[in-house]
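First up is the structure itself, then whatever we jot down about it.
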Amino acid sequence: MILDSKIPEGPIAEKWEKHKFNVKLVNPANKRKYDIIVVGTGLAGASAAASLAELGYNVKAFTFHDSPRRAHSIAAQGGINAAKNYQNDGDSIFRLFYDTVKGGDYRAREANVYRLAQVSVNIIDQCVAQGVPFAREYGGLLANRSFGGAQVSRTFYARGQTGQQLLLGAYSALSRQVAYGKVKLYTRTEMLDVVVIDGKARGIITRNLITGEIQQHSAHAVVLATGGYGNVFYLSTNAKYSNATAAWRAHKKGALFANPCFTQIHPTCIPVSGDYQSKLTLMSESLRNDGRVWVPKEKATAERLRKGEIRVSDIAEEDRDYFLERKYPAFGNLVPRDVASRNAKMMCDEGRGVGSSGLAVFLDFADAIKRNGADWVSQKYGNLFDMYAKITGENPYEQPMRIYPAVHYTMGGLWVDYNLQTTVPGLYATGECNFSDHGANRLGASALMQGLADGYFVIPYTIGDYLAQTPPTPVTTQHPAFAEAEAEVRARIQQLLSINGTRTPDDFHKQLGQIMWEYCGMARNAEGLRHAKQEIQKLRQAFWSDLKLVGTSEELNQALEKAGRVADFLELGELMVDDALDRNESCGGHFREEYQTPEGEALRDDDNYAYVAAWQYTGDNQPEVLIKEDLQFENVKLTQRSYK
């Protein structure tokens, strides 16, 4: 297979505008004849469903939640990037493009990233028109703050609830189309397979999570907007429902999976406090605008602090190591997430970590409170401070927060071309479930930007180009491929229920997460990755021989839901390890310990690894085939990243 990214010709600043003119159009009368399935109703899915319905298409939208408002997009806190340059501080579309390519350690397509930067300015206008309550300056203008990897303030925000407010805006647009009858909304419904007819995506198989009913749904095209796969690690900042099943089933039907080992570790999360935990809590990156990250300078001081012999207030200023400010004076605490996370781990590995486990560093607001007052800090970050206090029982106004890196986002995902189409014609992937925009590391406040860019401003144009070449004759579920796909889904469910072993899905999931975090987490090496592959294979064998499920498939059965998702995580986890083992370099969130600079920074190998690693499924228990898409850099120079 040869990958065709379909990147338009011409100067990068003109590619998208020319492409929009060159794509084929569907006239309004014909749009009413086309059905489109959208799976997922977070920012990418809700915006896509609403926009496509507004254009006149008939849309079926699916969510496994009871309401689209429960999508994990709601958990995003800090903000959304846009190259508006309201602060007049030197920002531009090109600077956002450059910062994103550099932040991703030069492992993303230039054309896709530039389009994202271009479209970003339209997103803010769209959301303001919907009534999203962005923070404003005293004079009424929209406010901005800074995020990691940038030296300008381009992040628009709604206190610490930006994702929630943006999702409510998209949900209102979606609800409008539901009321008009242009969108049919299926809640509490999980996609379990893609139906492919003559090589094209023509529908999906779903399970009603309340009744257990298996259903067939047909369409002329299918759009996946199902989020990332961070929960393969068990402990992450993702909602517990977040999973990889839709994307993974699409992969097994022919959609290539790109850069699966590119996972993001967020530096500011509440540390793990015990084996009983099922998820972790994010503390917004925006806190690093005013919070200062530090650890004790001396290991002995850190040990005394952990034992409770001294308090934080007993450590003098000269005995504190503000290590990010020391090592990266140009960016300070606002270095990209992968850099901040690795440095936090380094401090803890040296024995200078804080908290009872020693796996935490301080995020201190004492200077900000002294400079501006507690009320000022509360106005900017009050809900985040309240959340921290409720979870930890500590008052962050009086003592520093304790933070430690945790899995937060996945840059890898289904391979898509410039039109966001996978290698299966008619099957599209938007938002976090595709790989397209962030390379090996996503900059903060760019996930919301990508989700809304794909949904509001990209897919409405590009899907029309495909549909214009597809006859508008109705697609029904009468084709034998639907019955075959349903039979496969039923057989898989029955296989899970019939094992009758002794271990729960959560037990297997937790063990998988421990393997992934230990050997394919913040740092990886060849020996550990080979060991992880062996352990995952053993765990998969144990899963299919010792899984314990109760109940039936014809009822609400959350254990059955989890089992299906864990089965997919086990296969995806092994592919992530294979991808990490194959990429003999360090870049962004993929840090191979064998490949680092003398200062401990990621050391890329542009001669051999400046490509997208797209993996092709070849059958159960068969090795996947690597297909490379070479990355061309014509507008930015490949250099060693420096934030010093």
Side-chain angles (χ1 to χ4, degrees), residues 76-79 135 143-150 153 155 157-162 237 266-271 273 280-297 301-302 305-306 310-329 331-337 339-341 343-344 347-348 352-355 359-406 408 444-445:
Q77 298 169 352
N144 294 110
R145 57 188 176 198
S146 298
F147 258 62
S153 295
T155 304
Y157 63 98
R159 293 188 76 186
Q161 310 169 2
T162 313
T237 65
H266 198 295
T268 51
C269 301
I270 297 178
S273 59
L280 297 174
T281 304
L282 172 72
M283 287 284 102
S284 170
E285 181 168 318
S286 63
L287 295 171
R288 288 195 277 143
N289 272 274
D290 295 294
R292 301 179 70 191
V293 181
W294 66 274
V295 293
K297 282 185 177 180
T301 306
L305 186 63
R306 290 195 295 268
I310 58 173
R311 295 177 298 179
V312 179
S313 57
D314 296 328
I315 303 176
E317 185 70 17
E318 60 268 20
D319 295 326
R320 302 181 177 191
D321 180 12
Y322 297 91
F323 54 92
L324 294 178
E325 298 173 26
R326 169 174 57 82
K327 296 179 69 173
Y328 308 98
F331 283 74
N333 294 298
L334 287 174
V335 292
R337 291 174 175 176
V339 177
S341 294
N343 277 273
M347 296 301 110
C348 294
R352 295 196 281 150
V354 300
L359 295 177
V361 298
F362 285 131
L363 181 62
D364 198 339
F365 287 84
D367 286 353
I369 292 173
K370 183 178 180 181
R371 183 173 62 247
N372 298 306
D375 289 344
W376 180 88
V377 171
S378 177
Q379 288 177 8
K380 293 188 73 173
Y381 310 115
N383 66 309
L384 299 173
F385 276 49
D386 291 344
M387 183 166 61
Y388 180 87
K390 288 178 180 178
I391 292 173
T392 65
E394 300 170 1
N395 187 343
Y397 293 99
E398 298 175 356
Q399 63 188 90
M401 289 183 178
R402 291 176 295 106
I403 58 169
Y404 193 69
H408 177 61

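We're numbering straight along the sequence, starting at 1.
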* Asked: Would you find a donor on one side and an acceptor on the other, under 3.5 Å apart, between the side chain of R288 and the backbone of V335?
  -> yes
* Roughly how far, to the nearest 0.5 Å, is the CD atom of E285 from the OG1 atom of T155? -> 8.0 Å
* With rounding to the nearest 0.5 Å, note down the distance linking CD in Q161 to CG in N383. => 5.0 Å
* To do: Of all the heavy-atom pairs spanning C269 and T237, show the shortest one and how long it is.
  => SG-CG2, 3.6 Å
* Flag the pair Y404 / C348 as yes when at least one side-chain heavy-atom distance between them is below 4.5 Å, and no otherwise. => yes
* Is any side-chain heavy atom of R352 less than 4.5 Å from a side-chain heavy atom of V361? -> no
* Minimum heavy-atom distance between I315 and P296, given as atom pair plus value -> CD1-CG, 4.1 Å
* Side-chain contact, heavy-atom cut-off 4.5 Å: V312 with P400? -> yes
* Structure fact -> To the nearest 0.5 Å, atom CG of D321 lies from atom CZ of R326 at 4.0 Å
* Hey, does M401 have a side-chain heavy atom less than 4.5 Å from the side chain of F365? -> yes
* Asked: Heavy atoms, side chains only, cut-off 4.5 Å: are S378 and Y397 in contact?
  -> yes
* D314 side-chain N/O to R311 backbone N/O, donor-acceptor pair under 3.5 Å -> yes
* Nearest 0.5 Å please: distance from the CG atom of L359 over to the CE atom of M347. => 14.0 Å
* Hey, are the side chains of F362 and L305 touching, using non-hydrogen atoms and a 4.5 Å cut-off? -> yes
* To do: May I ask you to decide if the ring planes of W294 and Y322 are parallel, tilted or perpendicular, using 30° and 60° as cut-offs?
  => tilted
* To do: List the steps, then state whether side chain to side chain contact (heavy atoms under 4.5 Å, CB included) holds for T301 with I310.
  => CA-CA 8 Å; T301 306; I310 58 173; 3.9 Å; yes
* To do: Evaluate the criterion side chain to side chain contact (heavy atoms under 4.5 Å, CB included) for residue pair Y381 and N289; output intermediate values, then yes/no.
  => CA-CA 11 Å; Y381 310 115; N289 272 274; 3.6 Å; yes
* Check G79 against F147 and note the closest heavy-atom contact, atom names and distance. => N-CZ, 4.1 Å
* Mind checking the OH-CE spacing from Y388 to M283? Nearest 0.5 Å is all I need. => 8.5 Å
* Interatomic spacing from CZ in F323 to OH in Y328 - rounded to 0.5 Å -> 9.5 Å
* Asked: Would L287 and L384 satisfy side chain to side chain contact (heavy atoms under 4.5 Å, CB included), going step by step from the backbone distance to the final call?
  -> CA-CA 9 Å; L287 295 171; L384 299 173; 3.9 Å; yes
* Structure fact -> Correct closest heavy-atom pair for L280 and A406 would be CD1-CB, 3.5 Å
* Where at least one partner belongs to residues 361-371, residue pairs that pass salt bridge (Lys or Arg N to Asp or Glu O under 4.0 Å), sequence neighbours excluded -> D290-R371, R292-D367, R320-D364
* To do: Could you pull out the closest heavy-atom pair between P271 and A360, with the gap in Å?
  => CG-CB, 3.7 Å
* Asked: Quick one: side chain to side chain contact (heavy atoms under 4.5 Å, CB included) partners of I391, sequence neighbours excluded?
  -> I270, T281, M387
* Asked: Does a side-chain heavy-atom distance below 4.5 Å link T268 with V293?
  -> no
* **G353 versus A302, closest heavy-atom pair with distance** => O-CB, 3.9 Å
* Asked: Any side-chain heavy atom of V339 sitting closer than 4.5 Å to one from F331?
  -> no
* Asked: Which salt bridge (Lys or Arg N to Asp or Glu O under 4.0 Å) pairs, counting each pair once, include a residue from residues 388-401, with sequence neighbours left out?
  -> E394-R402
